[in-house]
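Input: a single structure, listed below in structure tokens.
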Amino acid sequence: MRKEVAMDKNAARDASQPTASSTPAVGTCLSTYFTLLGRAIATEYAKLRYLSSTYIVVACALIFPIIITCVVSYLQNIASALGVMEQPVESILYWTRVLGITVFMVWGINHVTADIKYGTFDTTYLAVPRWSVVLLAKWISVGSIAGGGTLLVQPLLLWSQKVIFPTITQNWSLSDHTTITFLWAQPVLAFLSVGVAVGLGALFRSAALAISLLLVWEFVGETVVSATPKSALAYPAMPFYNAALFAGQEQQVPALWSPGWAGVYWLVLAVVLVALGVWRLRARQREV
């Protein structure tokens with residue numbers, strides 16, 4: 001009888017401690033998750049490669065800012081004959097952020113809502129039964145294209161302005177600290193912005209609603225907030241204010257934190273919206 005009690009105690013003690021088989025279970029789950037993520041990303045790249053809309057969107061996001069910037073620089077170059085006129089780095093790369101990255105965000109929203117509209121998400125879920133993997137794959141695939149395109153076009157744009165309009169671009173060089181900040185910060189912002197867009201698309205499930213909300217808030221909402229009596233407190237907490245702050249643009253309204261924390265702000269915003277998108281897709285699945 002005593003031997004049986006002792007054996008029971010030893011069994012209870014052993015059960016309370018992690019076993020060798022339970023430890024690698026976590027690693028196996030992570031390995032499976034990242035394997036699924038890698039396959040999903042490869043699938044997204046393959047799909048984007050054969051969509052004509054991919055090349056149209058990327059061309060619009062990269063070429064239109066170049067055209068607008070060249071027109072502005074041309075007009076400023078003419079005006080420089082009447083007095084001192086400069087074209088700083090933040091003005092040259094302004095349309096890369098305001099227009100180019102916004103186009104990428106619209107693309108990110110549409111990339112999610114189109115799959116929802118045409119039922120592609122349900123087929124994808126059969127192969128990859130994790131909504132977080134599905135949305136992360138879309139964020140990484142579209143975001144890497146947005147960030148890579150922005151990274152490539154910005155030096156080309158700055159160099160072309162130096163060559164074509166040397167008179168109004170004498171006040172900066174490609175090796176300046178401000179220039180280098182723009183060159184790396186805006187591609188990172190493009191990647192994070194696509195995460196925000198993917199989250200919005202999954203959360204609202206409607207391209208018209210999500211895109212309207214995005215554009216109205218970016219171009220109207222924050223302007224209204226900046227005109228309110230309490231703008232000194234509210235406006236620096238707005239998303240696109242912090243996007244400009246992170247990219248390196250000088251702000252008239254004092255910031256609440258440093259540009260680095262503005263980047264963290266956008267990272268957290270993207271992660272939260274993607275998480276809400278995952279929750280929305282799971283809720284929709286339960287409804288069905």
Side-chain angles (χ1 to χ4, degrees), residues 37-70 93 95-128 131-154 156-157 186-219 240 243 266 270 273-274 277-278 280-281 284:
L37 181 59
R39 291 175 181 174
I41 292 171
T43 302
E44 289 295 329
Y45 277 129
K47 182 167 64 176
L48 291 170
R49 178 183 176 185
Y50 291 103
L51 288 174
S52 59
S53 59
T54 300
Y55 302 96
I56 295 173
V57 169
V58 173
C60 291
L62 301 181
I63 294 175
F64 282 168
I66 294 177
I67 295 174
I68 296 174
T69 302
C70 287
L93 299 180
W95 291 107
T96 305
R97 174 174 54 82
V98 173
L99 179 58
I101 293 180
T102 301
V103 170
F104 283 128
M105 292 185 75
V106 171
W107 182 34
I109 290 174
N110 190 68
H111 191 56
V112 174
T113 55
D115 280 5
I116 294 175
K117 179 180 179 180
Y118 295 109
T120 311
F121 256 11
D122 297 330
T123 304
T124 303
Y125 187 78
L126 293 176
V128 184
W131 289 121
S132 60
V133 171
V134 174
L135 291 188
L136 281 175
K138 290 185 177 298
W139 178 6
I140 293 172
S141 58
V142 176
S144 61
I145 294 174
T150 306
L151 181 65
L152 291 175
V153 78
Q154 287 190 139
L156 176 62
L157 182 55
Q186 292 205 152
V188 173
L189 178 64
F191 178 81
L192 296 177
S193 298
V194 170
V196 171
V198 167
L200 287 174
L203 183 60
F204 291 102
R205 298 178 53 205
S206 167
L209 180 58
I211 292 172
S212 298
L213 177 64
L214 169 68
L215 298 180
V216 169
W217 183 256
E218 180 178 3
F219 297 110
F240 291 99
W266 265 82
L273 285 175
V274 169
V278 171
R280 183 69 182 90
L281 291 173
R284 169 181 169 271

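These numbers come from a predicted model, not from an experiment.
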Task: Atom pair OG/CG of Ser144 and Leu151 - distance to nearest 0.5 Å - done: 12.0 Å
Task: Point-to-point distance, once rounded to the nearest 0.5 Å, from CG of Leu200 to CZ of Arg205 - done: 15.0 Å
- [ ] Work out which heavy atom in Val98 is nearest to a heavy atom in Glu218; give both atom names and the distance.
- [x] O-OE2, 3.9 Å
Task: Shortest non-hydrogen contact from Val112 toward Gly201 - done: CG1-C, 3.8 Å
Task: Non-hydrogen atoms of Ala208 and Ser212 that approach each other most closely - done: O-OG, 2.6 Å
Open item on the list: Do Leu192 and Trp139 make a side-chain contact, defined as non-hydrogen atoms from C-beta onward lying under 4.5 Å apart?
Closed with: yes
Task: Side-chain heavy-atom pair Leu189, Thr150 within 4.5 angstrom cut-off - done: no
Open item on the list: Is there a side-chain contact (heavy atoms from CB on, under 4.5 Å) between Gln186 and Phe191? Walk through the geometry before answering.
Closed with: CA-CA 9 Å; Gln186 292 205 152; Phe191 178 81; over 6 Å; no
Task: Between CE on residue Met105 and CG on residue Leu215, distance to nearest 0.5 Å - done: 9.0 Å
Task: Residue that, paired with Trp107, satisfies side-chain contact (heavy atoms from CB on, under 4.5 Å) out of Thr102, Val142, Ile56 - done: Val142
- [ ] Let me see the working for Ile211 and Thr113 under side-chain contact (heavy atoms from CB on, under 4.5 Å), right down to the final yes or no.
- [x] CA-CA 10 Å; Ile211 292 172; Thr113 55; over 6 Å; no
Task: Residue that, paired with Lys47, satisfies side-chain hydrogen bond (donor to acceptor under 3.5 Å, both in side chains) out of Thr54, Thr120, Asp115 - done: Asp115
Open item on the list: When you compare the side chain of Phe104 with that of Val58, does any pair of heavy atoms fall below 4.5 Å?
Closed with: yes
- [ ] Under the side-chain contact (heavy atoms from CB on, under 4.5 Å) rule, what do Leu62 and Leu152 come out as? Steps first, then yes or no, please.
- [x] CA-CA 9 Å; Leu62 301 181; Leu152 291 175; over 6 Å; no
- [ ] Working to the nearest 0.5 Å, report the span between OG1 of Thr96 and CD1 of Ile68.
- [x] 9.5 Å
Task: Approximate separation, where rounding is to 0.5 Å, of Arg280 CZ and Phe204 CZ - done: 10.0 Å
Task: Which residues share a side chain to side chain contact (heavy atoms under 4.5 Å, CB included) with Ser141, sequence neighbours left out - done: Glu44, Tyr45, Leu48
Open item on the list: List the residues meeting ring pair (Phe, Tyr, Trp, His ring centres under 6.0 Å) with Trp266, not counting sequence neighbours, and say none if there are none.
Closed with: Phe240
TODO: Give, for atom CG of Leu99 and atom CD1 of Ile67, the distance between the pair rounded to the nearest 0.5 Å.
DONE: 10.0 Å
